[in-house]
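One structure is given here, and the rest of the page talks about it.
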Amino acid sequence: MANIKQIPLTCSGHTRPVVHLDFSDVTECGYFLISACKDGKPMLRLGDTGDWVGTFEGHKGAVWGVALNKTATLAASGAADFTGKIWNAISGEEVQSLQHNHIVKSVSFDDNSQYLVTGSNEKLVRVFDLNQPNIQPEIYSGHAGNIKRAIFCRNDKCIISCADDKTMRLWDRTSGREELRVEFTAHPNSLELSRDGNVLTVTYGSNVSFFETETLKKLKEIIVPTRVASASLHPDKQMFVCGGEDFKMYKYDYITGNEIESFKGHFGPVHAVSFSPDGELYASGSEDGTLRLWQTTIGKTYGLWKCTDPSELNNSVNTSREVTAN
C-alpha cells in the first residue's frame, strides 16, 4: 500500500502570531499570499511556493486583517494603530492610510478594486471609495460588538459582516440598511465567501457552518473536535479545511460532513486557513508565528513538492512513494 506523508512547507519570517491571510486570484505571474501578523509587518509571498516577495512597512501596531485585490496589484491591511492602509503590492509603497477611531480588524476589496470595506472595534463597517479618498465613507452601524470580518458579496451590492455580538449581518449598499441577520450561540471567528460567491463559510465555537449568500439560509453545519478559528471551502465545494485550538489542520468532505484526514503541523493554535485560488493547496497561519502550505492532493508534483517513486529510479519492486518538499 502506498504510504504518502503530508509534508507542509513552512514559511518563516514573522516574529509574532499570524492571525489572518488572503490569496489573490491567479494572475499572469501566478498567485500571491499575504499574511497579517501581530508583529505589525504584513508579508507578501508567492502563493504556490511560499517564497517571500516583500514586507509592507509602516504600521505602528499589530496587524489583524489583510487583503489582496484579484490581480495582486494592491494590498490592504488593518491594524491596532487605528488605520487601514492601502499598499502598492508591486513596489511595496503605501498608497493611502484610512484613519479610524479604534483597532481595524478587517479589510477587503471589492471585485474592481474601487472600494475597500473595513470592520473595526468601533462596531462599525465602513466602505471607502479608493478613487475619491476625500469623500466620507459609507458607514453601516448596528452591530453591538467588535467587527471580526466584513466582506463584499452579491456582486459588491451588499456587505456581509460578523461580530462579537454573535451575529452575522447582511447590509444593502443601496438602502444602507441591514437586510438579514443570523444569530450564533458563540462569537463567530471567521467569514469566507466561496469562489463562485454563492456560499458563506462561518466558524463559531466548534462549528463550521455554511450559508447561502442570497438568503442566508443555512446549508449545513459540521461540528469539529476543537474550538475552530477558521475554515475554508475548496473552490469545487467537494471539501473544506479548518483549524483551531488543538494545533491540527482538519480536512472534511463537504458533501457527507465526514472527516477525511487531520494533520498536526503547527506548534500553536491555528488562527487562519485558506485554499489557494486553484485549490491545489491550502495555507494556515498560527500562534507559532509561521505560515504553512499543505497539499490538497498529497503526492502530486506541484510548486515545491516533487513526487518521486523509488521504483522508477532503481527498477526495484519497492512500491513505497514519498514526497519531498525542497
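Since this is a predicted model, take the numbers as computed values, not measurements.
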Min side-chain heavy-atom separation K105-I147 under 4.5 Å: no
Nearest-0.5 Å distance that lies between atom CZ in F211 and atom CG in L170: 12.5 Å
More than 12 heavy atoms from other groups under 6.0 Å of CG on N131: yes
Atom CD of E93 with >12 non-hydrogen neighbours under 6.0 angstrom: no
Spatial distance of atom CD (E94) from atom CZ (F56) [nearest 0.5 Å]: 11.0 Å
Those residues that, when tested against R177, pass side chain to side chain donor-acceptor pair (under 3.5 Å) (two or more places apart): none
Backbone N/O of S286 and side chain of H271: donor-acceptor pair under 3.5 Å: no
Inter-residue atom distance L191.CG - S106.OG, 0.5 Å rounding: 8.0 Å
Geometric class of the H59/W87 ring pair [parallel <30°, tilted 30-60°, perpendicular >60°]: perpendicular
Aromatic plane relationship, W294 with F263 - under 30° parallel, 30 to 60° tilted, over 60° perpendicular: parallel
Spacing of D253 atom CG and Q238 atom CD [to the nearest 0.5 Å]: 7.5 Å
Ring centres under 6.0 angstrom apart (F109, F152): no
Residues, nucleotides or ligands: over 12 heavy atoms within 6.0 Å of R227 CZ: no
Parallel, tilted or perpendicular: rings of Y252 and Y250 (30°, 60°): tilted
Rounded distance [0.5 Å steps], CG in D22 versus CG in L44: 11.0 Å
Separation of T49 OG1 from W305 CH2 (nearest 0.5 Å): 9.0 Å
